[in-house]
There are 2 protein chains.
Amino acid sequence: MDSINIKKLAKALNLSTSTISRAFRDNSDINGDTKERILAKAKELNYQPNHYASNLREQKSKTIAVIVPELANNYFSQAIHGIERVARENGYHILIYVTDDDYQKEVTFIRHLHNGRADGIIMSVSGEANDHNYLNKFGSKRLPLVFFDRIYEDIDTPRVITNDYDSSFLATEHLIEQGCKRIAYLVVNKSLSIGKTRMQGYIDALAKYRIPFEESLIVDCSNSYEENSLIIKEALTQLKPDGIFTSVERLAFATYYACYDLNINIPKDLKVISFSSLEIAPLLNPSLTTITQPAIEIGEEAAKLLFTVLDDQANKNRPNEVVLTSKIIKRNSTGK
Amino acid sequence: MDSINIKKLAKALNLSTSTISRAFRDNSDINGDTKERILAKAKELNYQPNHYASNLREQKSKTIAVIVPELANNYFSQAIHGIERVARENGYHILIYVTDDDYQKEVTFIRHLHNGRADGIIMSVSGEANDHNYLNKFGSKRLPLVFFDRIYEDIDTPRVITNDYDSSFLATEHLIEQGCKRIAYLVVNKSLSIGKTRMQGYIDALAKYRIPFEESLIVDCSNSYEENSLIIKEALTQLKPDGIFTSVERLAFATYYACYDLNINIPKDLKVISFSSLEIAPLLNPSLTTITQPAIEIGEEAAKLLFTVLDDQANKNRPNEVVLTSKIIKRNSTGK
DNA sequence: TTGTAGGCGTTATCAA
DNA sequence: TTGATAACGCCTACAA
């Protein structure tokens, strides 16, 4: 074995391992010269304290795990970017787990992470329709956990969310002001809290303008591109809406494709607004009116919140909920 | 300390720690009943072998590190998705590092990773203009490393790339066939190998059609959105190209924005083709002709290649280079 | 088939 | 200021 470790470095310098160790720690009593000598030699030999040994000894990993439903999505990649930045600044590393919206994977990941691999978890959940109680099974041993965006309301843990209700209300209102009378709401799973909250804004905005709520205009979509394509085309031809509000970005894309195929003109025949973090929304044909969530900032806030908890296990004086504000950006897809 | 470990589990079951350990390993001699009893109790008590202790003992981490220049980019998030999938299937976890195209960060990450934290590295490089030799400093202790997309040609390590030269040649040829006579090539850093390879295809295609190569039509862009906007607008007004070929996705977006501002009609006044993995290229205004790299597959191949190396340190019978094929998808931005 | 014991590389405690 | 030593939790060679 030719790899370098603290013992070899100690021998090379005629010092003890404890002295070497001290050179790498800040608060230790150590002679300045000795420290420099050690660090110089360490650099020369490419020595770095073994991470696993340190972790084992110190019982922490300086690592946080990020669990997301999907990656090929502007929102989540931006959020991860934000998390990565804050983590890095704090000397932490991030592990990425993608559930593909599979509840079982989420459970497996979370269980697994409780083996000391991570000090904390940031998660956007996948299993709202399932049993969340598995998170309580860990009791006091549960890792610090922060939710963002998609959360379990019945689990008591800090969370970063956006003002979805308000945004949905305003989005619906915007469509109404632009002349829409039959507005369909496209959602991936309406029983999920994020779908529900966003839907409530839609319902209440309709009420404000005394537009009767029609159950059939709530279109429940799936995670499959092909299925959604069929569902949306059928909705467009059967329900004949003049406005569409989609709760997630990819349903807006699917709507665009469907309209291209069906020769429906956006915005003349149909106005479209969507939750989306797509940076090139202005380049779409037509440019897409969006409710834009501050994705990077959400990631940053989630990471900061987690670090607050990590720094401060005892003291519970930390916010339990951070609410960020989304912006409606009006573009041509809802023009007159 | 209320946390569970192998000793407590052993005591709870009146067994020795070695027996417990064996229950979690596949190839060990252990009584079937005992094993079941142990696993059941482990589940009950939420016990999992401590990852850091195992790693320390076994000298491997079952973790691979992925280093990319940026995350908010369809290409890289798709590639990571592919890597994640293959890693997961092999029981590996992935750590993500984003360099923001900063060479120094790359060096720091790589150095750091050599402390045992990861068993291997998959990287798309950031520092082609800099000194790559730092990678050789590790000698035989260097972690198994696989490059994808952006590589250092002078470092001997397996790589996954696409047929960039051919694609560029065909892309340029396509523009010529569509009637372009003055084709500008937009690149982020033309001294980088990926820029160079792609540029050579462009140059050779021009030559085939006896179109004189003009140095000024190579437009060197930056990483800043604002700067690029200025550079591209100036190029459009000064050079008056009738075709633009961009070596990376975001330069195509910048070109679109510039054309909107300058009232240049794509494709009538200017035809645009770009390397891009954007799934919604058909939804752009106008729909964008792309050279689409198989990003997810690239990630998968890179991961597979790394696992080949990990499984097979001694035997050098593994491919050193995997070349995947990109597809040109013709859309309206290069229409007549 | 199960148990005992030593060591993976580090750091904290204590003594020098 | 430095050194010796024990311990973090696990795995494996060896013994029983």
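If you're wondering where the values come from, they're calculated on a predicted model, not measured in any experiment. Below, all heavy atoms of this structure are taken into account, side chains as well, without hydrogens, waters or symmetry copies. Quick note on labels: first sequence line is chain A, next is B, and so on, each numbered from 1.
When the C1' atom of dT10(C) is taken as reference, atom NZ of Lys62(A) falls 16 Å away, rounded to whole Å. Distance Arg117(B) CZ to dG9(C) C1': 15 Å, rounded to the nearest Å. Between the CD1 atom of Ile6(A) and the P atom of dG7(C) there is a distance of 18 Å, given to the nearest Å. Here dC8(D) presents its C1' atom at 16 Å from CD1 of Ile4(B), a figure rounded to the nearest Å. Distance CZ (Phe24(B)) to P (dG9(D)): 15 Å, rounded to an integer number of Å. Rounded to a whole Å, the CG atom of Asn55(B) is 19 Å from the P atom of dC8(D). As a whole-Å value, the separation of Lys11(A) NZ from dG9(C) C1' is 15 Å. Between the CG atom of Leu9(B) and the C1' atom of dG9(D) there is a distance of 13 Å, given to the nearest Å.
One finds a side-chain N or O of Ser16(B) lying less than 4.0 angstrom from the OP1 or OP2 phosphate oxygen of dG3(C). When the side-chain nitrogen and oxygen atoms of Gln59(A) are compared with OP1 and OP2 of dG9(D), one or more of them lie within a distance under 4.0 Å. A close approach under 4.0 Å does not occur between any side-chain nitrogen or oxygen of Lys7(B) and OP1 or OP2 of dC10(D). Neither OP1 nor OP2 of dG9(D) sits under 4.0 Å from any side-chain N or O of Asn50(B). Taking side-chain N and O atoms only, Thr19(B) has a distance below 4.0 Å to OP1 or OP2 of dG3(C).
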Provide a list of protein-nucleic acid N or O atom pairs under 3.5 angstrom, restricted to nucleotides 14-16 of chain C.
none

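Qualifying side-chain hydrogen bond (donor to acceptor under 3.5 Å, both in side chains) partners for Lys41(A), counting only residues two or more places apart in sequence or in other chains: none. With sequence neighbours left out, Glu58(A) forms a salt bridge (charged side-chain N to carboxylate O under 4.0 Å, His left out) with Lys60(A). Partners of Phe147(A) under the ring-ring contact (aromatic ring centres under 6.0 Å, His included) rule, at least two apart in sequence or in another chain, are Tyr152(A). Applying the side-chain hydrogen bond (donor to acceptor under 3.5 Å, both in side chains) test to Asn130(B) and every residue at least two apart in sequence or in another chain returns nothing. Applying the side chain to side chain contact (heavy atoms under 4.5 Å, CB included) rule to Arg37(B) yields the partners Leu13(B), Leu15(B), Thr34(B); only residues at least two apart in sequence or on another chain are considered.
When distances run from any side-chain atom of Leu56(B) to the nucleotides dC8(C), dC8(D), dT10(C), the shortest one goes to dC8(C). The side chain of Arg25(A) lies closest to dA12(C) when the candidates are dA12(C), dC10(D), dG3(C). Checking dT5(D), dG9(D), dC10(D) against the side-chain heavy atoms of Ser18(A) singles out dT5(D) as nearest.
Among the protein residues, Tyr47(B) comes within range of the sugar-phosphate backbone only, with heavy atoms under 4.0 Å from sugar or phosphate atoms but none that close to a base. The residue Leu15(A) sits close only to the backbone: its heavy atoms come under 4.0 Å of sugar-phosphate atoms, none of a base.
Pairs passing the ring pair (Phe, Tyr, Trp, His ring centres under 6.0 Å) check and including a residue from residues 12-43 of chain B, sequence neighbours excluded, read Phe24(B)-Tyr47(B).
A donor-acceptor contact shorter than 3.5 Å links the side chain of Thr157(A) to the backbone of Leu145(A). No donor-acceptor distance shorter than 3.5 angstrom exists from the side chain of Asp33(B) to the backbone of Glu36(B), with no hydrogens or angles considered.
Between the base of dA12(C) and the side chain of Ser21(A) there is no donor-acceptor pair shorter than 3.5 Å.
Mapping Glu58(B) and Thr17(B) onto DNA chain C via the closest heavy atom, the residue that lands nearer the 5' end is Thr17(B).
Ion pairing between a basic and an acidic side chain is recognised when a charged N comes within 4.0 Å of a carboxylate O; Asp156(B) and Arg142(B) show no such pairing.
Residues from residues 31-40 of chain B lying near DNA chain C, meaning a heavy-atom separation below 4.0 Å, are Asn31(B), Thr34(B) in numerical order.
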Extract all donor-acceptor atom pairs below 3.5 Å that involve side chains of residues 82-97 of chain A and protein atoms in other chains or at least two apart in sequence.
from: Glu84(A); atom 1: OE2; to: Arg88(A); atom 2: NE; distance (Å): 3.4
from: Glu84(A); atom 1: OE2; to: Arg88(A); atom 2: NH2; distance (Å): 2.4
from: Glu84(A); atom 1: OE2; to: Val98(B); atom 2: N; distance (Å): 3.1
from: Arg85(A); atom 1: NE; to: Glu300(A); atom 2: OE2; distance (Å): 3.4
from: Arg85(A); atom 1: NH2; to: Glu300(A); atom 2: OE2; distance (Å): 2.4
from: Arg88(A); atom 1: NH1; to: Tyr92(A); atom 2: O; distance (Å): 3.4
from: Arg88(A); atom 1: NH2; to: Ile96(B); atom 2: O; distance (Å): 3.4
from: Asn90(A); atom 1: ND2; to: Val86(A); atom 2: O; distance (Å): 2.8
from: His93(A); atom 1: ND1; to: Tyr97(B); atom 2: OH; distance (Å): 2.5
from: His93(A); atom 1: ND1; to: Arg117(B); atom 2: NH1; distance (Å): 2.9
from: His93(A); atom 1: NE2; to: His112(B); atom 2: NE2; distance (Å): 3.1
from: His93(A); atom 1: NE2; to: Arg117(B); atom 2: NH1; distance (Å): 3.0
from: Tyr97(A); atom 1: OH; to: His93(B); atom 2: ND1; distance (Å): 2.5

